[in-house]
Novice: 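This is the structure I want to talk about, given as structure tokens.
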Amino acid sequence: MTRPYYVTTPIYYISGNPHIGHAYTTVVADVLARSARTRGPAFMLTGTDEHGQKVANAAAEHGKTPQEWTDELVPRWQALFAAYHVEYDDFIRTTQARHETAVQAIFERMRQNGDVYLGTYEGWYCVSDETFWLESKLAEGRCPTCGREVQWISEEDWFFRLSKYRDRLLAHYRANPQWVRPRSVYNEMMAILEEGLEDLSISRTNLEWGIPIPGPSAGSGRGVIYVWFDALLNYVTALGWPDGERFRTFWPASVQLIGKEIARFHTLIWPSLLWSIGEAAPELVFAHGWITVEGQKIGKSLGNAVDPFALAERFGADSMRYFLLREAPFGSDFSYSEEKIAQRHNNDLGNDLGNLLRRTLTMVQKYHSGIVPEPGERTSLSMRFADPSTHLGERVAGLVTQLQFREALEAIWELVTALNRAIDERKPWNLHKEGRQHELAALLYDLCQGLRWLAILLHPFMPERAAEMWRQLGARGRIEGDWRQSLAAWGDDGSLPPGTAVVPGDALFPRIDLVSA
Ligand code: MSP
């Protein structure tokens, strides 16, 4: 049996409206989860990071309490993910009791095992990134990550003994060179490790919006737990750490997706926290690139946020999902523009895929009374795509597991192209004219089977449009079923047998004209 699969996204700061970058990571996690569900049990977690100075400031600016503010905004994130056809298994909010109690228990456990101790922190703090910085790391006196002003902080704080884990981290990195990807991020983290690690301040004295420090000072206004310590733990508290059944089933995570700006937290601090409580590090942390506009990372505070709801409305959520995964190798930055999205939508999706479905169904109607014909002899198409040695389903599953989404879509497009070519070269209209009914029927059968495969293969990427393909084909049963069964053969698995009546409908991807739109 396949090991249960667990994929996570970062939890998002609730400091403004969600943007396309938030949809991006979550869509990728959804593709991984949907793909994993075709092989066995899978669990996808996303959620919101609601504590910290940054959220408290945003709430204050709007004249709200942080709790009112986050309660109001969380539904927007949930609506965003629904608008992008994301089906998560759980949505964690760090203000939930299940999380707060577990975080306090972990803090307490670390205080007991000596990994958490009281010390004095003096140094710089970036509120926007909720990050402590050494003076030597500042860039011209500003935050080296976001370029904003930093604040001088001097207070008595609780510390996590991060330095203690440096050797174990080094050994872990050396023994598992694939555990942080891409390689550039792995190398960057190794360089930090080689320089050495300082202990980490994990409390904030002058902040009230957070999880209270447990123990003797609890509730006395003597500070809260540092937001990153609180936030990272969401990945295990959501599963019911320490002895919840989900935790026992799904931990360690198969893949933790993050943006590259938060790699240090997830690949140096996070494994150390886990080891401190006797848990295993995740199998893979993948730090992806940024969506940019004119070379700048999209983000609310940079003032170039694009409304992700409007984009899904305009192009269709599945076209957006396709664009996000097809546009660049996963891991690289890529720039966003409506022209690029429209091109992908009109060309790859409308011309290549949508027209293939429309042409095929029209021909089945015209030449075969709208009924899927009997198969002919074994054809070159089935040999090329369904042969065990070159099986397209296996290739796509392998590429998705490796997070090579662009390559997986390119592989799927080999089938799209081959089916279009079969129509162009074999000219069904001539076969019909010449009365070569047998050949015509065999070709139509092949096209229908090819489209059945495409609907199944594309389902993790474009769940709603793939389901519509499935519906128009007249296919029965579950499109999201086990690939080993549904793609076992080119021919029929019972979902699209000869004799099935096709149900042609509207164009899958109606053309979008940017000028007149
Ligand atoms: N709350 C922290 C994460 C805590 S995880 C324990 C945080 N939140 S965030 O809202 O600022 O950003 C979260 C994630 O959004 C990033 O890591 C990244 O995955 C995604 N993105 C934000 N802007 C993005 C782009 N412009 N492009 C791609 N992804 C982006 O950091």
Side-chain angles (χ1 to χ4, degrees), residues 3-13 21-22 24-33 35-36 42-47 49 88 92 129-131 145 160 162 165-166 168-194 197 200 227-239 241 247 250-277 279-290 297 325 328-333 400-405:
R3 185 173 123 47
Y5 189 90
Y6 179 36
V7 54
T8 66
T9 73
I11 48 173
Y12 303 101
Y13 284 133
H22 301 151
Y24 177 50
T25 319
T26 319
V27 161
V28 173
D30 185 59
V31 172
L32 285 170
S35 168
F43 196 86
M44 171 187 161
L45 176 71
T46 189
D49 189 354
Y88 45 77
I92 187 156
D129 288 342
E130 299 276 19
T131 306
T145 309
F160 174 72
L162 186 60
Y165 291 95
R166 178 186 174 236
R168 183 160 174 190
L169 281 165
L170 273 172
H172 188 71
Y173 269 72
R174 291 196 179 116
N176 304 283
Q178 288 288 323
W179 99 277
V180 175
R181 286 172 54 205
R183 192 70 191 177
S184 52
V185 176
Y186 174 95
N187 290 341
E188 206 184 307
M189 296 303 126
M190 267 305 248
I192 298 180
L193 272 178
E194 272 153 13
L197 292 177
L200 176 74
V227 65
W228 267 104
F229 181 91
D230 154 359
L232 285 165
L233 292 169
N234 89 87
Y235 305 124
V236 296
T237 62
L239 295 181
W241 177 90
F247 182 71
F250 290 104
W251 193 259
S254 316
V255 183
Q256 299 211 262
L257 296 172
I258 56 166
K260 60 185 176 182
E261 74 286 1
I262 52 176
R264 209 165 54 91
F265 292 100
H266 284 84
T267 65
L268 301 176
I269 299 172
W270 177 222
S272 308
L273 296 181
L274 285 163
W275 291 335
S276 174
I277 51 171
E279 305 296 351
E283 284 169 11
L284 168 66
V285 176
F286 195 107
H288 64 67
W290 292 337
K297 175 171 178 255
L325 290 154
F330 191 57
S332 309
D333 289 357
V400 172
T401 308
Q402 283 304 308
L403 293 91
Q404 294 180 283
F405 305 107

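Values below: every heavy atom of this structure, side chains too, minus hydrogens, waters and symmetry copies. Residue indices begin at 1 and follow the sequence shown. All figures in this text were calculated on a predicted structure; none of them were measured in a lab.
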Novice: Decide yes or no for Val185 and Thr267: does some side-chain heavy atom of the first lie under 4.5 Å from some side-chain heavy atom of the second?
Specialist: no
Novice: Nearest 0.5 Å, what's the CG-CD1 distance between Leu232 and Ile11?
Specialist: 8.0 Å
Novice: Got a second to check how far Phe160's CZ is from Ser272's OG, nearest 0.5 Å?
Specialist: 5.5 Å
Novice: Name all residues meeting the salt bridge (charged side-chain N to carboxylate O under 4.0 Å, His left out) criterion together with Asp230; count only those two or more places apart in sequence or in a different chain, and write none if there are none.
Specialist: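 Listed in chain order: nothing, the list is empty.
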Novice: Applying side chain to side chain donor-acceptor pair (under 3.5 Å), can you list everything that pairs with Tyr24, at least two apart in sequence or on another chain?
Specialist: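 Per chain and number, Tyr24 pairs via side chain to side chain donor-acceptor pair (under 3.5 Å) with no residue.
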Novice: Tell me, with the steps shown, if Leu284 and Gln178 meet side chain to side chain contact (heavy atoms under 4.5 Å, CB included).
Specialist: CA-CA 7 Å; Leu284 168 66; Gln178 288 288 323; 5.9 Å; no
Novice: How close do Pro4 and Ser254 get, heavy atom to heavy atom, and via which atoms?
Specialist: O-OG, 3.9 Å
Novice: Arg264: which residues meet the side chain to side chain contact (heavy atoms under 4.5 Å, CB included) condition with it, sequence neighbours left out?
Specialist: Thr131, Trp133, Met189, Ile192, Leu268
Novice: Please confirm whether the backbone N or O of Ala231 pairs with a side-chain atom of Asn234, one donor and one acceptor, at under 3.5 Å?
Specialist: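 Flag set: sc Asn234 to bb Ala231 pair under 3.5 Å.
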Novice: For Leu45 and Leu239, what are the C-alpha separation, side-chain angles and deciding distance, and is it a side chain to side chain contact (heavy atoms under 4.5 Å, CB included)?
Specialist: CA-CA 9 Å; Leu45 176 71; Leu239 295 181; 6.0 Å; no
Novice: Side chain to side chain donor-acceptor pair (under 3.5 Å) with Gln404: which residues, sequence neighbours excluded?
Specialist: none
Novice: For Tyr173, enumerate each residue passing the ring pair (Phe, Tyr, Trp, His ring centres under 6.0 Å) test, keeping only those at least two apart in sequence or located in another chain.
Specialist: Trp179, Tyr186
Novice: Tyr12: what forms a side chain to side chain donor-acceptor pair (under 3.5 Å) with it, not counting sequence neighbours?
Specialist: Thr26
Novice: Please list, chain by chain and in numerical order, all residues satisfying ring pair (Phe, Tyr, Trp, His ring centres under 6.0 Å) with Phe330, sequence neighbours excluded.
Specialist: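 Result, ring pair (Phe, Tyr, Trp, His ring centres under 6.0 Å) vs Phe330: Phe286, His288, Phe405.
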Novice: Looking at side-chain heavy atoms only, is the closest gap between Thr46 and Thr25 below 4.5 Å?
Specialist: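 When only atoms from C-beta onward are counted, Thr25 and Thr46 do not touch, as no gap falls below 4.5 Å.
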Novice: Listed by chain and number, what are the side chain to side chain contact (heavy atoms under 4.5 Å, CB included) partners of Arg168, not counting sequence neighbours?
Specialist: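 Result, side chain to side chain contact (heavy atoms under 4.5 Å, CB included) vs Arg168: Trp275.
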Novice: Are Met190 and Val180 close enough that some pair of their side-chain heavy atoms sits under 4.5 Å apart?
Specialist: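 A side-chain contact is absent here, since even the closest heavy-atom pair is not under 4.5 Å.
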Novice: Checking Glu188 now: which residues fulfil salt bridge (charged side-chain N to carboxylate O under 4.0 Å, His left out) with it, not counting sequence neighbours?
Specialist: none
Novice: In the structure I gave you, are the side-chain heavy atoms of Leu197 and Tyr165 within less than 4.5 Å of one another anywhere?
Specialist: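 The answer is no, as the side chains (C-beta and beyond) never meet within the 4.5 Å cut-off.
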Novice: Roughly how far, to the nearest 0.5 Å, is the CG atom of Asp129 from the OG1 atom of Thr145?
Specialist: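 Answer rounded to 0.5 Å: 5.0 Å.
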Novice: Determine the minimum heavy-atom distance between Ala29 and Val7, stating which atoms define it.
Specialist: O-CG1, 3.8 Å
Novice: Closest approach of Leu162 and Leu200, non-hydrogen atoms and distance?
Specialist: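 Looking at all heavy atoms of both residues, the shortest contact is CB-N, 4.3 Å.
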Novice: Applying side chain to side chain contact (heavy atoms under 4.5 Å, CB included), can you list everything that pairs with Ala36, at least two apart in sequence or on another chain?
Specialist: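 Per chain and number, Ala36 pairs via side chain to side chain contact (heavy atoms under 4.5 Å, CB included) with Tyr5, Arg39, Ala42.
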Novice: Can you label the angle between the Trp228 ring and the Tyr13 ring as parallel, tilted or perpendicular, going by 30° and 60°?
Specialist: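 The arrangement is perpendicular - the two ring planes meet at more than 60°.
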Novice: Partners of Ala253 by side chain to side chain contact (heavy atoms under 4.5 Å, CB included), sequence neighbours excluded?
Specialist: Tyr6, Trp251, Gln256, Pro282
Novice: For the residue pair Thr9 and Gly47, what are the closest heavy atoms and their distance?
Specialist: OG1-N, 4.4 Å
Novice: Does Trp270 form a side chain to side chain contact (heavy atoms under 4.5 Å, CB included) with Leu233? I'd like the steps, not just the answer.
Specialist: CA-CA 8 Å; Trp270 177 222; Leu233 292 169; 3.8 Å; yes
Novice: Over all heavy atoms of both residues, which pair between Pro182 and Ala287 is shortest? Give the atoms and the distance, please.
Specialist: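 Reported closest heavy-atom pair: CD-O, 3.1 Å.
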Novice: Decide side chain to side chain contact (heavy atoms under 4.5 Å, CB included) for Phe265 and Glu130; before the verdict, give the C-alpha distance in whole Å, the side-chain angles of both, and the deciding distance to 0.1 Å.
Specialist: CA-CA 11 Å; Phe265 292 100; Glu130 299 276 19; over 6 Å; no
Novice: Strictly distance-based, threshold 3.5 Å: is any side-chain N or O of Arg181 a donor or acceptor partner for the main-chain N or O of Gln402?
Specialist: yes
Novice: Going by the rule side chain to side chain donor-acceptor pair (under 3.5 Å), which residues pair with Trp290 if we only count those two or more places apart in sequence or in a different chain?
Specialist: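 Only Glu261 meet the side chain to side chain donor-acceptor pair (under 3.5 Å) criterion with Trp290.
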Novice: Kindly give the heavy-atom pair with the smallest separation between Ser35 and Val400, and that separation in Å.
Specialist: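 So the two residues come closest at OG-CG1, 3.6 Å.
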